[in-house]
2 protein chains.
Amino acid sequence: MTALSAEGRNGNYPGKGIGQPVGVAVLGMGTVGTEVLRLINEFSGSLENRIGGPIDVRGVAVSDLSKKREVLEKFPDITLTDNARELIDRDDIDVVVEVIGGIDYPRELVLAALNAGKSVVTANKALIAAHADELSDAANAAGVDLYYEAAVAAAIPVVGMLRRSLAGDQVQRISGIVNGTTNFVLDAMASTGASYEEALAEATRLGYAEADPTADVEGHDAASKAAIMASMGFHSRVTYDDVHAEGITNITADDIAAAAEAGFTIKLLAICERLIDDVGNTSVSARVHPTLVPNDHPLATVDKSYNAVFVEAEAAGRLMFYGNGAGGAPTASAVLGDLVGAARNKILGGRAPAENPYAHYPVADFGDVPTRYHIDMSVVDRAGVLAEISRRFAAQDISISAVRQEESGEHSRLIVVTHQSLERKLAAIVDELRDIDEVKSINSVIRLGA
Amino acid sequence: MTALSAEGRNGNYPGKGIGQPVGVAVLGMGTVGTEVLRLINEFSGSLENRIGGPIDVRGVAVSDLSKKREVLEKFPDITLTDNARELIDRDDIDVVVEVIGGIDYPRELVLAALNAGKSVVTANKALIAAHADELSDAANAAGVDLYYEAAVAAAIPVVGMLRRSLAGDQVQRISGIVNGTTNFVLDAMASTGASYEEALAEATRLGYAEADPTADVEGHDAASKAAIMASMGFHSRVTYDDVHAEGITNITADDIAAAAEAGFTIKLLAICERLIDDVGNTSVSARVHPTLVPNDHPLATVDKSYNAVFVEAEAAGRLMFYGNGAGGAPTASAVLGDLVGAARNKILGGRAPAENPYAHYPVADFGDVPTRYHIDMSVVDRAGVLAEISRRFAAQDISISAVRQEESGEHSRLIVVTHQSLERKLAAIVDELRDIDEVKSINSVIRLGA
């Protein structure tokens with residue numbers, strides 16, 4: 001018996017037949033929903049050829065019925081409603097596109113749609129990262145599709161690549177820049193010398209950061225994407241709560257300058273890893289934190305609000321995917337690609353590969369994750385300090401990769417870069433250093449390695 | 001009626017059911033076939049979970065039965081035969097993996113397999129680029145899958161991205177480095193100053209070039225890939241014969257040095273474009289030629305034998321994919337991803353999106369393709385030469401973007417970079433320049449623009 005038998009079907013997902021229209025409901029008409037409708041209208045002929053029958057948008061749910069929405073002029077016969085539930089329950093809706101955002105309300109709607117036998121396409125990373133288990137179970141029980149390519153890095157086909165292209169391989173590691181706002185801010189700091197606050201203000205002014213940028217700058221958005229990538233890549237359940245997330249709010253212009261001097265660029269990375277411990281047990285890790293990326297690594301050169309994802313697989317080796325990770329049109333492109341897949345299955349029968357956490361690897365405690373630290377501290381300027389600090393690292397069995405010492409006023413600035421060790425041991429040595437007389441202050445601690 | 005109705009089915013592709021084994025025949029045991037078998041054995045548990053039933057390799061066809069093949073020890077019950085046809089005809093074979101290479105013989109085998117209702121996975125770019133129409137028709141008539149991700153850039157999921165991820169978008173342009181051998185040679189020339197012959201010898205020594213490198217260095221291999229990418233990206237039929245292909249055999253160390261001085265890197269690009277003429281008619285172009293790529297373009301930094309493909313789509317914007325474009329393991333990874341897809345459809349029912357040339361755009365004549373020329377010539381060293389040459393360009397309505405003139409012995413070296421014009425007009429002006437007294441020699445003509 002395989003994990004797929006949980007699908008409750010036995011190889012029989014018949015379609016409605018070539019030429020039949022596919023009834024679609026779109027929930028939400030923000031930037032993405034509007035763009036989805038615009039593209040469905042613009043590409044209607046090619047979509048029909050690719051699907052085997054026409055896309056028939058039969059209803060759109062919005063929260064504010066009074067708002068003027070130009071694109072709807074192209075869809076004169078649709079139902080415009082503020083009652084999404086009613087739309088979902090209609091018999092002539094085959095596929096539901098959810099682009100509302102949030103968690104609780106869309107969860108209720110997506111579950112209702114799946115339970116009613118409708119396939120669902122969603123761009124909602126927070127929803128999938130929190131409730132993939134429940135939603136997958138519902139899709140499997142109903143024998144319908146649940147697609148969410150747009151939830152990770154918009155038009156960059158990260159989900160499809162993990163779901164299909166690497167289906168015959170074993171993914172070892174995924175690391176990527178999956179949040180455009182923070183990449184814009186860090187890139188602006190690096191290229192102009194601006195402070196975090198200045199760069200964020202510029203990002204807000206240009207529309208790259210939302211009015212409340214918390215979800216982006218604190219790493220929450222990237223954490224959702226890390227959970228989804230780890231779940232798909234390692235065939236194990238990793239949720240948002242399993243992801244250790246640190247944002248970029250503590251990164252200073254000094255940190256960026258020091259990194260540049262040492263040949264690194266600071267990027268907010270989502271890192272998903274398969275770990276094997278000393279006795280051969282496998283676990284998985286998903287984390288988000290600012291990271292010193294060597295300048296010759298392809299991720300270091302990803303500028304502006306672009307996203308890029310690196311994947312290492314046993315047979316495929318290293319792959320990188322690069323593109324627009326956000327924005328109305330790129331997100332809508334991913335939604336439409338999924339819609340074609342879901343609609344095609346409604347016509348021709350069959351199901352897309354469902355998320356399948358058959359491997360059931362546990363999520364490693366963050367303290368057990370191997371990493372490297374770049375520690376920037378101010379130390380008293382006298383002989384023997386480096387010897388004392390080195391002795392402390394050695395006593396904790398942490399190997400030092402490089403040390404740089406600079407005069408800086410009355411104190412010396414000392415930068416220590418470690419070799420790989422466990423997160424908990426590295427965090428402990430930093431705590432220890434804070435307490436010794438020779439160290440006046442720990443200026444920054446940033447992890448290293450893409 | 002849509003193009004899919006040619007499939008001859010009406011939305012009913014039932015599967016054999018969860019838990020049933022999928023019988024597989026592997027044709028060919030070269031580097032790729034051997035690696036495919038190794039990975040099927042290594043990943044058997046995870047493959048079963050992803051597919052819904054076990055992969056059962058029931059037969060392997062080879063040309064030389066006497067050769068010792070270690071990996072077969074892992075498959076004690078299989079049929080090893082030199083009669084591929086017999087294997088294909090067996091009732092217990094559901095999916096045929098073709099990794100023989102060549103065109104006529106695999107064509108016969110793949111057709112026989114499709115006609116017998118077996119799905120086919122192939123890594124054979126030459127076969128697909130020459131016979132996609134015939135093979136697609138056979139797959140459609142039988143209602144089975146024909147997959148060939150490994151035919152373009154090995155583990156980089158270019159085919160899947162065009163087939164599925166961008167299914168809701170409109171691809172405008174694809175440009176890529178899709179031949180590892182030529183990229184290795186050009187990169188070696190650029191980084192060491194070596195001549196073409198020296199760099200090719202080094203590539204051969206290191207195993208990046210075959211004993212007979214013709215198909216690679218003359219651009220034939222890249223042309224097959226261009227035909228496949230253009231067909232999938234533009235939903236039109238583009239075959240190998242439709243692709244204008246120029247190789248790298250005329251590129252000199254001087255060309256590379258001059259390019260570097262002007263801020264360019266010479267790459268062998270496969271370029272697929274959607275063109276719209278003055279009266280609004282659409283055509284498509286697929287071509288392969290050495291190209292001056294600006295150093296700040298991501299394709300310029302693709303080194304060694306790596307491949308990378310750039311895609312521009314209307315909604316998605318610019319996407320790039322990078323990775324190993326050749327080699328046993330990366331190619332086998334792509335074959336296995338396809339095998340999982342084909343096997344899954346055999347178990348659960350349904351079909352993968354078939355290639356669908358519904359748009360029927362004609363292939364543009366190469367002379368009608370817009371491009372830019374970088375012309376390096378030796379001219380007599382006297383006043384008025386530049387004026388005369390400029391006049392000739394203006395008379396042909398070709399606009400000049402930049403001119404660089406250098407003393408070089410008794411003659412001047414003159415480099416002219418044009419703005420975009422039609423290939424036929426640019427080729428004509430070069431012919432004209434060859435015949436005028438002021439031009440002593442045309443040293444090189446290289447197209448520009450990634």
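Proteins get letters first, then strands, A, B, ... in listed order; numbering begins at 1 in each.
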Taking all non-hydrogen atoms of both residues into account, name the closest pair between A/Ala315 and B/Leu39 and its distance.
->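 In this case the closest contact between A/Ala315 and B/Leu39 is CB-CD1, 3.6 Å.
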
Proximity breakdown for [X] and chain B, heavy-atom pairs closer than 4.5 Å:
X	value
A/Gln20	neither
A/Leu339	neither
A/Phe43	side chain

Tabulate, in ascending numerical order, the residues of residues 154-162 of chain A having at least one heavy atom closer than 4.5 Å to a heavy atom of chain B, or enter 'none'.
->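 Hits under 4.5 Å: A/Ala155, A/Ile156, A/Pro157, A/Met161.
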
Heavy-atom pairs under 4.5 Å with chain A - which of [options] has more of them than the others?
options	result
B/Ser165, B/Gly350, B/Ala316, B/Gly328	B/Ala316
B/Ala167, B/Gly327, B/Ala313	B/Ala167
B/Ala332, B/Gly337, B/Ser333	B/Ser333

How many angstroms lie between OH in A/Tyr147 and CZ in B/Arg164, if you round to the nearest 0.5 Å?
->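 Taking OH in A/Tyr147 and CZ in B/Arg164, the distance rounds to 7.0 Å.
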
Flag, side chain of A/Arg50 to backbone of B/Asn356, donor-acceptor distance under 3.5 Å =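 No; judged by distance alone, with no hydrogens or angles, the pair does not exist.
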
Which residue out of A/Ser46, A/Gly341, A/Gly323 racks up the most heavy-atom pairs below 4.5 Å with chain B?
->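 Going by pairs under 4.5 Å, I would pick A/Ser46.
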
Mind ranking A/His235, A/Glu149, A/Gln170 by heavy-atom pairs under 4.5 Å with chain B and telling me who comes out on top?
->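 Of the candidates given, the most pairs with chain B belong to A/His235.
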
Which class fits the ring pair A/Phe321 and B/Phe321: parallel under 30°, tilted 30 to 60°, perpendicular over 60°?
->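 Rings of A/Phe321 and B/Phe321: perpendicular, over 60°.
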
Can you run down the salt bridge (charged side-chain N to carboxylate O under 4.0 Å, His left out) pairs that involve residues 305-333 of chain A, sequence neighbours left out, and say none if there aren't any?
->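 Matches after skipping sequence neighbours: none remain.
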
Pick one of side chain, backbone, both or neither for B/Leu319, based on which atoms fall under 4.5 Å of a heavy atom in chain A.
->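 Backbone plus side chain of B/Leu319, per the 4.5 Å heavy-atom cut-off to chain A.
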
